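Have a look at the structure below before the remarks.
The chains referred to below are lettered A, B, ... by the order of the sequence lines, with proteins before strands, and numbering in each begins at 1. All values below come from the heavy atoms of this structure, side chains included, with hydrogens, waters and symmetry mates left out. Fair warning: this is a prediction, and the values are worked out from it, not measured in the lab.
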Number of protein chains: 2
Amino acid sequence: MARTTDGSGTPVPQRLLAAATRLFAENGYDRTSVQEIVEAAGVTKGALYHYFGSKEDLLQEVYARVLRLQQERLDAFADADAPVERRLRDAAADVVVTTIENLDDASIFFRSMHHLSPEKNKQVRVERRRYHERFRALIEEGQAAGVFSTATPADLVVDYHFGSVHHLSTWYRPDGPLTPQQVADHLADLLLRALRP
Amino acid sequence: MARTTDGSGTPVPQRLLAAATRLFAENGYDRTSVQEIVEAAGVTKGALYHYFGSKEDLLQEVYARVLRLQQERLDAFADADAPVERRLRDAAADVVVTTIENLDDASIFFRSMHHLSPEKNKQVRVERRRYHERFRALIEEGQAAGVFSTATPADLVVDYHFGSVHHLSTWYRPDGPLTPQQVADHLADLLLRALRP
DNA sequence: GTGTGCAGACTAACCAGTCGGTATGTACGG
DNA sequence: CCGTACATACCGACTGGTTAGTCTGCACAC
């Protein structure tokens, strides 16, 4: 058994996932061949199909990881002990920072979701919905408390904010003038300002 | 010469473009075969390659159409004779309505841009940049006049709004509770509220 | 000696683009 | 009016290349 023959000690499945993530983000799911993935990971097809059932499974695994991470972080911020406007601000800014820090995952997430089979797509949608609803609940809480305007339905506000998060992978460049934290502060600001009563 | 043998009278090139638009939006560029396109248009490959140089040319043509339309509309609203907050509001709402009314084009635009060759991609980026800058100029005009807050750089505000426009193709459903105009009013509202000094 | 981890040749399917061919229309000389 | 010449519009079989996934087999661990 000669696992991890690349010297890094990283297990093969994780190497495959990392290579796939980078390549999917760079060239898109359909434009990335299984051959390229296994070469980038320093193994062969035998290894890939030993650990994953299909190319699609790799994609789904990328999604699952991102979703788990973001949901955990949102829950932590939303359940914190602070005024609702503070919790929303922190959550809104945090998702921007973590998205920028994992721009590869984000590009894949938003550009390649429709490449999943209907059944796996549905599964992802269900988890995304849970995330969306937790975020919406925060806004509704603030609206009920009178600290946020009720002029716009909470659902739309969520989509407004996540639109901008979604969009990050299109325009944000690490070598640009703004740090991830600065972008996050600005976008959270815009959200909170839009919600002023 | 037996063009338009489908009885509709629509010229073949336009039928091809319409079929390609629908299929690209439905299944993605890479998942749509040239064979499927010509079958949907009721012709054969010979016809397609008679009018278009490549499959990619079809995609580029879709882009060109959308960009022309949106730029024209933006220019009209931006050059109108009205206070800047009114012009921005109208332009911001209009792009939402026309995007919803051409959701197929929008999905293709945002999901398949990276499928264009570097050189054609660059061309599209240049035109998109022109659009972005016209929009930004509106915001900067308002900021200079003191009617918009200067807390956020105008560039970021533009990306914030277009993030939400971009995102429409992900969540908007024609059979949902909101009409395109209602969505547009809400999103334009959010933008203007975020910009209040 | 048995199972896990992997190698790599192989297959069956698919696909963008090509090309020789046909059919209809238009221009023009006589 | 008619025939020749050329152009436009389109057909559909074919090609060269690529791809996801399979399968046989080997090597090492226990």
Side-chain angles (χ1 to χ4, degrees), chain A residues 1-21 23-24 26-62 108 112 114-121, chain B residues 1-21 23-24 26-62 108 112 114-121:
Chain A
M1 192 187 325
R3 291 144 297 106
T4 69
T5 46
D6 71 337
S8 73
T10 314
V12 170
Q14 292 177 39
R15 282 195 348 245
L16 283 165
L17 220 52
T21 301
L23 289 166
F24 288 166
E26 245 166 54
N27 312 116
Y29 178 75
D30 280 325
R31 303 270 173 122
T32 303
S33 70
V34 169
Q35 193 59 41
E36 287 174 305
I37 297 171
V38 297
E39 273 167 24
V43 294
T44 62
K45 284 193 178 185
L48 193 155
Y49 284 96
H50 180 71
Y51 292 109
F52 298 92
S54 67
K55 182 184 174 186
E56 210 190 342
D57 281 1
L58 271 171
L59 183 58
Q60 200 193 16
E61 199 43 45
V62 175
I108 298 173
S112 305
H114 59 293
H115 288 135
L116 281 176
S117 65
E119 130 205 351
K120 291 187 178 174
N121 199 308
Chain B
M1 197 187 319
R3 291 146 298 105
T4 70
T5 46
D6 71 337
S8 74
T10 314
V12 169
Q14 292 176 40
R15 283 201 340 249
L16 283 165
L17 220 51
T21 301
L23 289 167
F24 288 165
E26 242 166 56
N27 311 116
Y29 178 75
D30 281 325
R31 304 271 173 120
T32 303
S33 71
V34 168
Q35 194 58 42
E36 285 175 308
I37 297 171
V38 297
E39 273 168 23
V43 295
T44 63
K45 284 194 178 187
L48 192 155
Y49 285 97
H50 180 71
Y51 292 109
F52 297 92
S54 66
K55 183 184 173 186
E56 209 190 342
D57 281 1
L58 271 171
L59 183 57
Q60 201 193 16
E61 200 41 46
V62 176
I108 297 173
S112 305
H114 58 294
H115 288 135
L116 282 176
S117 66
E119 131 204 352
K120 291 187 177 173
N121 199 307

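- Looking at B:Val62 and B:Leu58, their side chains never come closer than 4.5 Å, going by heavy atoms from C-beta outward.
- For the pair A:His50 NE2 and C:dG3 C1', the computed distance is 10 Å after rounding to whole Å.
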Might you list the N or O atoms of the protein lying below 3.5 Å from N or O atoms in nucleotides 16-22 of chain D, with each pair's distance?
{"residue": "D:dA20", "atom": "OP1", "partner": "A:Thr32", "partner atom": "O", "Å": "3.4"}
{"residue": "D:dA20", "atom": "OP1", "partner": "A:Lys55", "partner atom": "NZ", "Å": "2.9"}
{"residue": "D:dA20", "atom": "OP2", "partner": "A:Val34", "partner atom": "N", "Å": "2.9"}
{"residue": "D:dA20", "atom": "N7", "partner": "A:Lys45", "partner atom": "NZ", "Å": "2.9"}
{"residue": "D:dG21", "atom": "OP2", "partner": "A:Tyr49", "partner atom": "OH", "Å": "2.9"}
{"residue": "D:dG21", "atom": "OP2", "partner": "A:Lys55", "partner atom": "N", "Å": "3.0"}
{"residue": "D:dG21", "atom": "N7", "partner": "A:Lys45", "partner atom": "NZ", "Å": "2.9"}
{"residue": "D:dG21", "atom": "O6", "partner": "A:Lys45", "partner atom": "NZ", "Å": "2.6"}

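- Between the NE2 atom in B:His115 and the CG atom in A:Asp30 there is a gap of 6.5 Å [rounded to 0.5 Å].
- Here B:Leu17 contributes atom CG and B:Thr10 contributes atom OG1; the two are 12.0 Å apart, rounded to the nearest 0.5 Å.
- Residue B:Tyr51 contributes atom OH, which lies 19 Å from atom P of C:dG17 at whole-angstrom precision.
- Here the side chains of A:Leu16 and A:Ile37 are in contact, with some heavy-atom distance below 4.5 Å.
- A:Lys55 forms a cation-pi arrangement with A:Tyr29, by the criterion of a distance under 6.0 Å to the ring centre and an angle within 45° of the ring axis.
- Computed from coordinates, the B:His115 NE2 to C:dC15 P distance equals 15 Å when rounded to whole Å.
- The distance from atom CD of A:Gln60 to atom OG of A:Ser54, rounded to the nearest 0.5 Å, is 8.5 Å.
- The nearest whole Å value for the distance from the CG atom in A:Leu48 to the P atom in C:dG8 is 15 Å.
- Put simply, CZ on B:Phe52 is 16 Å from P on C:dT18, counting in whole angstrom units.
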